[in-house]
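Within every chain, numbering begins at 1; the chains are lettered A, B, ... in the order of the sequence lines, protein sequences first and strands thereafter. All values reported here derive from a predicted model rather than from experimental measurement.
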Amino acid sequence: MPAKQPRKTTRTTSKKGAGASAKRTKRAPVPRRAKATAPKRVARSKTKRSDSQKLATYWKKRDFEVTPEPKGGPTLERGGFGYLIQKHDARRLHYDFRLELDGVLLSWAVPKGPSLAPEERRLAVRTEDHPIEYGDFEGVIPEGQYGGGTVMLWDRGTWKPEGDPHEAIDKGHLAFSLEGERLRGRFHLVRTRRKPGDKSESWLLFKGKDAAAATAKSKKEPIETEKTSVVTGRSMEEIASDRKRTWQSSRVETTPAERTQLRDLVSQIPTTVSFTNLDKILYAEQGLSKAGLIAYYAIVEPYMMPYLKDRPVTLVRCPDGAPSKGEVHQKPKSTLCFYQKHAKTHAPDAIIRVPIEEEGGTKDDYMAISNRDGLLAAVQLGSLELHTWGCHIDDVERPDTVVMDLDPDPDLPWKAVAEAAFEMRALLEELGLDSWVKTTGGKGLHVCFPVTRRLDWEAFKGFTKAVATTLEGARPNRYTTNPIKARRKGKVFIDYLRNGRGATAIAPYSTRARPNATIATPIGWDELKDGIRPEELTLRSMPARLDALKKDPWARFLETKQSITAAMRKRLGL
DNA sequence: GTTAACT
DNA sequence: AGTTAACTCTCAGTG
DNA sequence: CACTGA
């Protein structure tokens, strides 16, 4: 079963279900999680296991903060023999065949589902044991989660083994009868010989000979005739759309009227860029479409452009949208998004190409944006973040903008981060430098200032390092400049390395590829003092904020002419 | 999201 | 015609 | 050394 889309493959390789035999693509290495799948050992072992051991694999694969599937817990061994089949529309549609034994549900993924014809032997891939409570589950597993997709209860009832089921499973031949609503009579599960390289057990599920056995011709297959839930009568579509309703209730609703409005707005933007996929949702939690993103950038463009214009830029592109809360939790944006630094073949004409010398001495085309068309072209490419160099393209070797990144231990209160920014400002002021502050979209702050183009990157970075270490030296308990042990111990990491050649920092007014759609927002020092909250500066709130602002908090940034002087460097011991 | 290079 | 990879860089830690 | 995660 080769995967359809490479990106999704990467993101979901560890999804097994029916796709247990999925061939690996070259790019997608076997995730460690998949290696941890060891249903064989768990299921075949005759020794008594504790309940927690039995379901360890099941738990390991799921994030119960995200998925509506039951966690299941230590269960009493009721000796009951429940049976059920779930129709599961994950990466591939398949049927999950489950038999209760020893307090868990033994499970097989059957890609083609069961057949009533004894000669039809259906592949059944053994998967991890599931908790008994799973037998009641019907609903939608969120995208990005293990087995993401719609689950329908297709059949349920009881089963009865012929002989000792433990021995039969060890032997690899389980004969049993089913007493379900849609399947009845004798069935067999037979384990096939394991081929070298097989990661999971393959079994065959087929009908045993009895009165209920049918030849494929004489009787319709229940898989074909029964299309609805055995419990709720719902179709797969109905189950799936139920999710939409509950899901949408927890976010800002986008009505068709609003969609039209956004499309209209987009159509009125004067631009040469042609847009596609305007209704595609890029921020799931806020229900924000690509049209909404384009509208946002069209609005902030006059505010943003002065800081973005004519600097080498790196894009963080997420054509399928920002990671949702669930996705960010387990597998961050590395798989959903990718960085683009070079123009390569992808860059549209509206984005400027700038040949820049690489470390090795060769030249490669970088990108720069100089006007609205360029910005919107980047958005059309699915860019959710724009990162800029600290220089302009007409003199790439002479930087002109310093960014001191204050990156706090996540446990630190916001107030401590704000205080750090004020201390940084005070130090710079003492040296004779005016500075401005912006949020980053997360819990960090950037203290920024312009300087005249005099130093090369080495000297420039050296100066920012000295500033950082000075602050660290003054308050070693509060600050660290060591990226290694940056985290822990309640410190703020002062990242001066953003001031090196080729390094970048998030551009003012850029969106972030994060679930909450926060914006890297220039703010006033007074606002920071008054306790402005970075999580409230979002894509949705920004237009109103800009309207309400009496003056641009960074108004003086662009006019300020100041230099890193010999005297300043001397004062820092350089 | 786009392109080029494959099967 | 349909499928797949590439689209950053660096660095510490791990086996 | 190859690979991963940050």
Between A:Lys344 and B:dA4, is there a side-chain N or O to OP1/OP2 distance below 4.0 Å?
no
Round to the nearest Å and state the distance from A:Leu386 atom CG to C:dC7 atom P.
20 Å
Whole angstroms only, please: what is the CZ-C1' distance between A:Arg498 and C:dC9?
13 Å
Presence of salt bridge, A:Asp400 and A:Arg311, under 4.0 angstrom
yes
Rounded to the Å, how far apart are A:Arg501 CZ and C:dC9 C1'?
14 Å
Under 4.0 Å between a side-chain N/O of A:Gln340 and OP1 or OP2 of B:dT2, yes or no?
no
Could you state the OH-P distance from A:Tyr339 to D:dA6, rounded to the nearest angstrom?
13 Å
With a 4.0 Å cutoff (strictly under), does any side-chain N or O of A:His342 reach OP1 or OP2 of C:dT8?
yes
Under 3.5 Å: donor-acceptor pair, side chain of A:Lys290, backbone of A:Gln380
yes
Roughly how many Å is it from CG in A:Leu497 to P in C:dT10, rounded to a whole number?
12 Å
To the nearest Å, give me how far apart CG (A:Asp495) and P (C:dC9) are.
18 Å
Of the nucleotides B:dA4, C:dC9, B:dG1, which one has an atom closest to the side chain of A:Thr345?
B:dA4
Roughly how many Å apart are D:dA2 and C:dC7, using the C1' atom of each and rounding to a whole number?
23 Å
Report the distance from atom CZ of A:Arg317 to atom C1' of C:dT8, rounded to the nearest whole Å.
13 Å
C:dC9 P sits how many Å from A:Leu315 CG, rounded?
14 Å
Give, for atom NZ of A:Lys341 and atom CG of A:Asp364, the distance between the pair rounded to the nearest 0.5 Å.
9.0 Å
Say we look at B:dT2 and C:dC9: how far apart would their C1' atoms be, to the nearest angstrom?
23 Å
Under a 3.5 Å limit on both distances, the Watson-Crick or wobble mate of C:dG15 is D:dC1
Of all residues at least two apart in sequence or in a different chain, which pass the salt bridge (charged side-chain N to carboxylate O under 4.0 Å, His left out) check with A:Asp495?
A:Arg498
Given the P atoms of C:dT10 and B:dG1, what is the spacing between them in whole Å?
30 Å
Just checking, any donor-acceptor pair under 3.5 angstrom between side chains of A:Ser289 and A:Asp279?
no
Between A:Lys341 and C:dC9, is there a contact of a side-chain N or O with OP1 or OP2 at under 4.0 Å?
yes
Between D:dT4 and C:dA5 - P atom distance, rounded Å
15 Å
